[in-house]
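Read the structure below first, then the notes.
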Amino acid sequence: MAFEKIKRSENYSEWYNNLVKNADLAEHSAVKGCMVIKPYGYAIWEKMQQQLDKMFKETGHSNAYFPLFVPKSLFEAEEKNAEGFAKECAVVTHYRLKSDPNHPGKLIVDPEAKLTEELIVRPTSEAIIWNTYKGWIESYRDLPILINQWANVVRWEMRTRLFLRTAEFLWQEGHTAHATKNEAIFETKQMLDVYTEFAETFLAVPVVKGVKTPNERFAGADDTYCIEGLMQDGKALQMGTSHFLGQNFAKAFDVKYTNKEGKQEYVWATSWGVSTRLMGALIMAHSDDEGLVLPPKLAPIQLVIVPIFRTDEEKELVFAEAEKIKKSLTQINISVKFDNRDTHKPGFKFAEWELKGVPLRIGIGPRDVANQTIELARRDNKTKQVINASELLTVIPELLKDIQNAMYQKALDFRNENITEVNSWDEFVSVLENKGGFIAAHWDGTSETEEKIKELSKATIRCIPLDNKLENGQCVLTGNPSSQRVLFAKAY
RNA sequence: CGGGGUGUAGCGUAGCCCGGUAUCGCGUCUGCUUUGGGAGCAGAAGGUCGUAGGUUCAAAUCCUGCCACCCCGACCA
């Protein structure tokens with residue numbers, strides 16, 4: 001394993017790229033901007049999926065699946081949405097290839113096989129889904145519709161980065177239809193809470209819940225709620241969004257229902273999504289110069305056992321003990337890997353599992369077997385302790401909880417230390433350049449000022465926090481009156 | 001897409017300016033010795049030099065197009 005160590009402090013983005021590759025999470029593919037998610041990386045994504053899926057179902061949602069392609073006429077139906085995505089759409093124009101008469105063995109697009117209507121590869125599925133919902137909704141009795149789909153989408157980004165922004169990515173998108181505005185708003189906020197709980201409890205990444213400014217709103221939404229996380233380099237990452245779509249899609253696709261009074265009304269909508277970008281959040285929020293650091297709740301392997309031995313007799317002894325440990329821990333639902341490879345030495349294995357972020361490691365050798373002890377090493381803070389073998393089943397689950405909590409606490413402390421209140425433009429620029437992180441500043445509420453600030457500083461308004469306290473002040477740029485602070489940051 | 005850089009064995013690289021088919025390290029394979037923090041010695045295998053053209057007796061090296069990646073911008077629902 002040739003792991004070229006790059007420090008976060010030296011080159012954060014190179015560190016990130018190397019980590020993703022060396023920890024076996026993903027690699028670039030032969031397709032521009034698209035990645036191959038490798039088994040270890042996909043295993044983490046599967047853990048995320050399983051948990052989110054459970055939470056969606058607990059809040060009454062069902063999974064379904066809609067087509068990858070959207071006919072152009074449907075795609076353009078909701079004008080703002082279409083406009084917002086138009087610049088980054090992959091378009092299917094033909095349905096057949098044929099042999100190239102001029103270059104044997106090569107293929108060309110068959111000009112005879114032009115589609116009468118182009119198909120858009122979905123960048124998001126509102127259009128195809130609302131076109132479908134039209135056929136499903138007639139009466140208030142048909143509502144609400146609470147559907148989620150796990151899918152891939154394509155957004156032709158100019159500049160891509162593994163997990164953070166790829167041309168094709170995996171995500172889930174919830175699309176719900178409601179009889180009333182209040183119910184839809186409740187749904188929007190409920191799903192934001194689900195995302196928040198997931199981010200904080202499972203990813204161990206604290207997030208700010210907030211609402212986007214009109215500039216940053218999802219194209220076609222009346223309101224976009226989001227959770228914003230802070231990465232170790234001081235840049236913010238949008239980790240999930242939940243949109244209140246109002247009646248925009250219902251009107252665009254003419255989706256009406258008959259209410260109890262017999263009157264026709266447009267349906268209210270929401271949509272919400274998180275993507276494989278969360279993998280990027282997970283990596284950037286916790287990992288260190290030794291590699292990945294995974295929170296126990298999402299680690300595909302929670303504990304690895306590395307045997308240490310010299311002779312065949314020792315090997316036999318140690319392996320027997322290791323198998324015993326594995327079995328007893330597996331029985332209490334801990335995911336254990338016994339690294340019984342005889343092709344690598346312990347030191348190599350220690351380093352490799354650290355690189356892969358396994359939260360806990362047991363090192364066991366003849367000495368431990370003789371003393372009935374076990375050496376336990378934590379990945380998050382690199383501490384080691386020796387415990388009595390009999391304590392195993394009580395100590396390990398506690399330690400896993402500790403690690404999960406410690407990781408969250410560490411990220412939370414970092415995040416809190418990096419929310420800085422500023423009251424002048426000079427301060428704003430200085431904090432942004434020297435410290436980074438979130439900047440809590442007054443803003444006069446206009447798009448013009450928001451854009452001007454972005455232009456001058458590269459910082460955007462990440463969100464208006466939902467729990468914001470009202471406070472009179474003056475806009476950090478224009479000096480105009482403001483009633484609350486908003487969070488600015490440079491973002492991924 | 002604009003500016004800058006890079007592309008040579010699985011990975012990291014030397015060679016490029018000044019043309020003559022390639023250096024070193026890691027890894028891989030074989031054997032022996034090793035094993036409580038990335039093992040040692042000996043031997044071996046592995047290359048259309050990103051790709052397509054061009055110049056030349058001869059191209060990793062010079063020229064052009066294309067592709068990919070990195071850094072800085074633009075873009076980012």
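Numbers restart at 1 for each chain; the letters A, B, ... are given by sequence-line order, proteins then strands. Basis for what follows: all heavy atoms, side chains included, without hydrogens, waters or symmetry-related copies.
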In whole angstrom, give me the gap between the C1' atoms of B:U48 and B:C41. 36 Å
Please measure how far the P atom in B:C26 lies from the corresponding atom in B:U21, and state the result in whole Å. 27 Å
In whole angstroms, the gap separating P of B:G27 from NZ of A:K345 amounts to 12 Å
Could you give the CG-to-C1' distance, from A:N215 to B:C75, as a whole number of Å? 15 Å
Euclidean distance for P, B:G46 against B:G37 (whole angstrom): 37 Å
So A:E216, base contact, sugar-phosphate only, or nothing? Heavy-atom distance under 4.0 Å. sugar-phosphate
Does A:F198 have any ring pair (Phe, Tyr, Trp, His ring centres under 6.0 Å) partners at least two apart in sequence or in another chain, and if so, which? A:F202
Distance check, P atoms only: B:A74 and B:C67, in whole angstrom units. 23 Å
Provide, to the nearest angstrom, the distance between the CD atom belonging to A:E88 and the C1' atom belonging to B:C75. 8 Å
Taking only the C1' atom of each, what is the distance from B:C63 to B:C1 in whole angstrom? 25 Å
Rounding to a whole Å, what distance do you find between A:E157:CD and B:A68:P? 15 Å
Roughly, in whole Å, what's the span from CD in A:E451 to C1' in B:C75? 14 Å
State which of B:U28, B:G36, B:G37 makes the closest approach to the side chain of A:H344. B:U28
When rounded to whole Å, the NZ to P distance for the pair A:K315 and B:G36 reads 15 Å
For residues A:Y133 and A:F249, establish whether the separation of their ring centroids is below 6.0 Å. no
Which part of the nucleic acid, if any, lies within reach of A:D342 when heavy atoms closer than 4.0 Å are counted: base, sugar-phosphate only, or nothing? nothing
Using the C1' atom on both, measure B:G31 against B:G10 and round to a whole Å. 23 Å
Distance check, C1' atoms only: B:U23 and B:G15, in whole angstrom units. 7 Å
In the structure shown, which nucleotide is the Watson-Crick or G-U wobble counterpart of B:C66, with both distances under 3.5 Å? B:G50
Atom CG of A:N22 to atom P of B:G27: distance rounded to whole Å? 15 Å
Taken to the nearest whole Å, CZ/A:F350 to C1'/B:G36 is 7 Å
Ignoring hydrogens and angles, answer whether the base of B:G36 and the side-chain atoms of A:R310 contain a donor-acceptor pair closer than 3.5 Å. no
Under a 3.5 Å cut-off for both contacts, is B:G73 paired Watson-Crick or G-U wobble with anything, and if yes, with which nucleotide? B:C1
For the residue pair A:K315 and A:F319, would you count it as a cation-pi contact if the rule is NZ or CZ under 6.0 angstrom from the ring centre and within 45 degrees of the ring axis? yes
Options B:G37, B:G36, B:C76, nucleotide nearest the side-chain atoms of A:E354: B:G37
Test the A:K235-A:Y492 pair against the cation-pi criterion, namely NZ or CZ under 6.0 angstrom from the six-membered ring centroid and within 45° of the ring axis. yes
Any A:H178 side-chain heavy atom under 4.5 Å of A:T176 side chain: yes
Take A:K87 and A:R367, find for each the nucleotide of RNA chain B with the closest heavy atom, and name the residue whose nucleotide sits nearer the 5' end. A:R367
Using a 4.0 Å heavy-atom cut-off, does A:E126 contact any base of the nucleic acid, only the sugar-phosphate backbone, or nothing at all? nothing
Please classify the nucleic acid contact of A:P366 as base, sugar-phosphate, or nothing, using heavy-atom distances under 4.0 Å. base
Select from A:G363 and A:T224 the residue whose nearest nucleotide in RNA chain B is closer to the 5' end of that strand. A:G363
For A:W45 together with A:F163, are the ring centres under 6.0 Å from each other? no
Single hit among A:I419, A:L230, A:I439 for side chain to side chain contact (heavy atoms under 4.5 Å, CB included) with A:L487: A:I419
Paired with B:U28 by Watson-Crick or G-U wobble geometry, both distances under 3.5 Å: which nucleotide is it? B:A44
Can you measure from CZ (A:F348) to CZ (A:R341) and round to the nearest 0.5 angstrom? 6.5 Å
A:F218, A:W156, A:F75 screened by ring pair (Phe, Tyr, Trp, His ring centres under 6.0 Å) with A:F85, the one that passes: A:F218
Using a strict cut-off of less than 4.0 Å between a Lys/Arg side-chain nitrogen and an Asp/Glu carboxylate oxygen, indicate whether A:D222 and A:K80 qualify as a salt bridge. no
B:A68 and B:A52, which share atom name P, separated by this distance in whole Å: 16 Å
Per A:R165 side chain, nearest of listed nucleotides B:G36, B:C76, B:G37: B:C76
Polar-atom pairs under 3.5 Å, protein N or O versus N or O of nucleotides 69-74 of chain B: list them with distances, or write none.
| residue | atom | partner | partner atom | Å |
| --- | --- | --- | --- | --- |
| B:C71 | OP1 | A:S13 | OG | 2.0 |
| B:C72 | OP2 | A:R159 | NH2 | 3.3 |
| B:G73 | N7 | A:R159 | NH1 | 3.2 |
| B:A74 | OP1 | A:K458 | NZ | 3.2 |

Any strand, both distances under 3.5 Å, Watson-Crick or G-U wobble: B:C18 pairs with none
Under 3.5 Å for both donor-acceptor distances, Watson-Crick or wobble: does B:A58 have a partner, and if so which one? none
